[in-house]
**Student:** 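Handing you a structure now.
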Amino acid sequence: MKIYFAPLEGVTTHIFRNAFAEIYGHVDKYFAPFISPAEKCPLTPRERKDIAPENNTGINLVPQILTCRSEHFIDAAKALAGFGYREINLNLGCPSGTVCAKGKGAGFLQDKDSLQRFLSDIYSYAEKDGMKISVKTRLGYHDPEEFSSLMEIFNLFPISELIVHPRIRTDFYKGDVRKEYFAYALEHSKCPLVYNGNIFSVKDYADLTGVFARGGDPIMIGRGLVSDPQLAGRLKSAGAAAGAGRHDDAAETDYAKFRRFHDTLYHEYRKVLSPDINVLHKMRELWTYWQVLFDGKEREIKRLMKAKKYEDYEAIVYPLLQAEERST
Ligand SMILES: Cc1cc2nc3c(=O)[nH]c(=O)nc-3n(C[C@H](O)[C@H](O)[C@H](O)COP(=O)(O)O)c2cc1C
């Protein structure tokens with residue numbers, strides 16, 4: 001079974017990816033958060049730093065591009081090829097208002113003729129340069145029924161992998177995923193498919209594969225892997241157990257390992273961000289995911305979210321982590 005780490009802008013930075021790969025692993029491919037190329041500026045210095053191979057050693061990384069202009073995509077793809085990348089992902093899923101208003105991300109799904117012309121341009125470039133292009137998409141903008149005409153367009157191109165997040169733009173990341181449309185993709189797609197959306201546990205994955213007669217490998221996971229960094233390992237051992245005809249019991253959280261992960265992120269962000277509050281904002285965003293690992297500790301989590309100085313943060317976090325380590 002192959003597991004891909006979904007791109008989460010602001011969360012799955014190179015600092016996060018390195019810490020994750022070193023401490024947890026079990027991820028076959030990491031997708032970098034989007035690069036948004038502009039006229040004569042294929043990559044900003046910050047984007048360059050995030051995808052630079054020296055900052056991603058030992059990580060199988062696929063950079064992602066968000067644009068609706070094929071010349072911008074191709075300029076950025078050439079810059080990425082210069083870094084040695086042989087696969088690039090196109091973002092057709094971002095639901096943000098400002099992104100969609102510019103006709104990018106999920107906004108691009110509204111204009112199918114332009115999308116087809118864009119794909120034709122970028123796949124002509126890809127063929128000449130020997131570049132693989134994968135696509136990450138939603139089902140449509142307003143209506144999931146748009147998916148069948150999008151699928152007809154996708155089927156015209158040699159998409160290396162089609163990653164489907166079965167929601168429409170107006171769903172954002174909320175509510176149930178529309179799994180039946182992924183089943184439709186399994187029937188109709190000519191390119192290899194990857195499922196993405198709402199896998200937070202081994203049970204979620206088992207329920208999913210129950211819906212699809214085939215498919216469900218590879219899968220891409222975002223929030224579930226940030227919330228429970230052991231999830232990829234759990235899924236892989238559950239798969240092995242199922243293969244051997246045994247039942248999987250999800251392992252407990254390894255809080256010593258989690259502490260190592262937390263400390264690596266905290267120390268690495270302290271090296272590159274200042275003052276305290278900027279580092280603590282980063283940690284706060286991570287704690288919005290991690291809080292599920294700390295049942296009954298809502299008061300402590302609430303307090304650490306409010307910390308404005310390192311001393312205050314550490315005075316709450318370390319007793320919390322030590323208590324969990326002792327109790328397991
Ligand atoms: C905070 C945040 C940032 C995201 N950034 C990106 C991004 O840069 N590129 C992208 O393709 N998707 C992005 N996504 C979408 C995720 O990659 C993924 O498709 C979505 O979270 C659904 O998968 P999940 O349920 O496994 O999290 C983002 C989602 C969130 C919540």
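FYI, the numbering just counts along the sequence from 1. Counting starts at 1 for both ligands and their atoms, in listed order.
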**Student:** Tell me the protein heavy atom at minimum distance from atom 30 (C) of ligand 1, and give that distance in Å.
**Tutor:** L8 CD2, 3.6 Å

**Student:** Under 4.0 Å from a heavy atom of R223: which atoms of ligand 1 are those, numbered in the order shown and with their elements?
**Tutor:** 21 (O), 24 (P), 25 (O), 26 (O), 27 (O)

**Student:** Given G224, P7, S96, identify the one with the heavy atom nearest to atom 13 (C) of ligand 1.
**Tutor:** P7

**Student:** Any non-hydrogen atom of I221 lying under 4.0 Å from ligand 1?
**Tutor:** yes

**Student:** Taking the six-membered ring for Trp, are F108 and F118 closer than 6.0 Å centroid to centroid?
**Tutor:** yes

**Student:** Surrounding NZ of K179 (heavy atoms of other residues, nucleotides or ligands, distance under 6.0 Å), is the total greater than 12?
**Tutor:** yes

**Student:** Run the numbers for me: atoms of ligand 1, each under 4.0 Å from some heavy atom of H165, listed by number.
**Tutor:** 22 (C)

**Student:** The criterion is ring-ring contact (aromatic ring centres under 6.0 Å, His included); which residues satisfy it with H142, sequence neighbours excluded?
**Tutor:** none

**Student:** Does ligand 1 have any atom that is closer than 4.0 Å to a heavy atom of G197?
**Tutor:** yes

**Student:** Just to confirm my output: which protein heavy-atom neighbour is closest to atom 26 (O) of ligand 1, and how far is it?
**Tutor:** G222 N, 2.8 Å

**Student:** Among protein heavy atoms, which lies nearest atom 15 (C) of ligand 1, and at what distance?
**Tutor:** Y173 OH, 3.2 Å

**Student:** Output the list of atoms in ligand 1 that are nearer than 4.0 Å to some heavy atom of N91, sorted by atom number.
**Tutor:** 9 (N), 10 (C), 11 (O)

**Student:** Specify the protein heavy atom at minimum distance from atom 1 (C) of ligand 1: its residue, its atom name, and the distance to 0.1 Å.
**Tutor:** Y289 OH, 3.9 Å

**Student:** Going by the salt bridge (charged side-chain N to carboxylate O under 4.0 Å, His left out) test, which pairs reach into residues 17-38, not counting sequence neighbours?
**Tutor:** R17-D50, E22-R260, D28-K236, K29-E87, K29-E161

**Student:** Could you find the nearest protein heavy atom to atom 9 (N) of ligand 1 and give me its residue, atom name and distance?
**Tutor:** Q64 OE1, 2.8 Å

**Student:** Establish, yes or no, whether a centroid distance under 6.0 Å links the rings of Y313 and Y318.
**Tutor:** no

**Student:** In terms of hydrophobic clustering (I, L, V, M, F, W, Y; side-chain heavy atoms under 4.5 Å; direct or indirect links), are Y266 and Y255 co-clustered?
**Tutor:** yes

**Student:** Please report the closest heavy-atom contact between L321 and R259, naming both atoms and the distance.
**Tutor:** CD1-CG, 3.9 Å

**Student:** For K136, counting its heavy atoms only, list the atoms of ligand 1 lying under 4.0 Å from any of them.
**Tutor:** 10 (C), 11 (O), 12 (N), 15 (C), 16 (C), 17 (O), 18 (C), 19 (O)

**Student:** Can you confirm whether or not the ring centre of F258 sits under 6.0 Å from the ring centre of F294?
**Tutor:** yes

**Student:** Could you check whether R117 pairs with D113 (Lys NZ or Arg NE/NH1/NH2 to Asp/Glu carboxylate O, under 4.0 Å)?
**Tutor:** no

**Student:** Which atoms from ligand 1 have a heavy atom of A6 less than 4.0 Å away?
**Tutor:** 17 (O)

**Student:** Answer yes if the ring centres of F5 and F31 are under 6.0 angstrom apart, and no otherwise.
**Tutor:** no

**Student:** Relative to the heavy atoms of P33, which atoms of ligand 1 are at a distance of less than 4.0 Å?
**Tutor:** 8 (O)

**Student:** Among all protein heavy atoms in this structure, tell me which lies nearest to atom 19 (O) of ligand 1, with the distance rounded to 0.1 Å.
**Tutor:** N196 OD1, 2.7 Å

**Student:** Just which atoms of ligand 1 are under 4.0 Å from any heavy atom in E9?
**Tutor:** 3 (C), 4 (C), 5 (N), 6 (C), 8 (O)

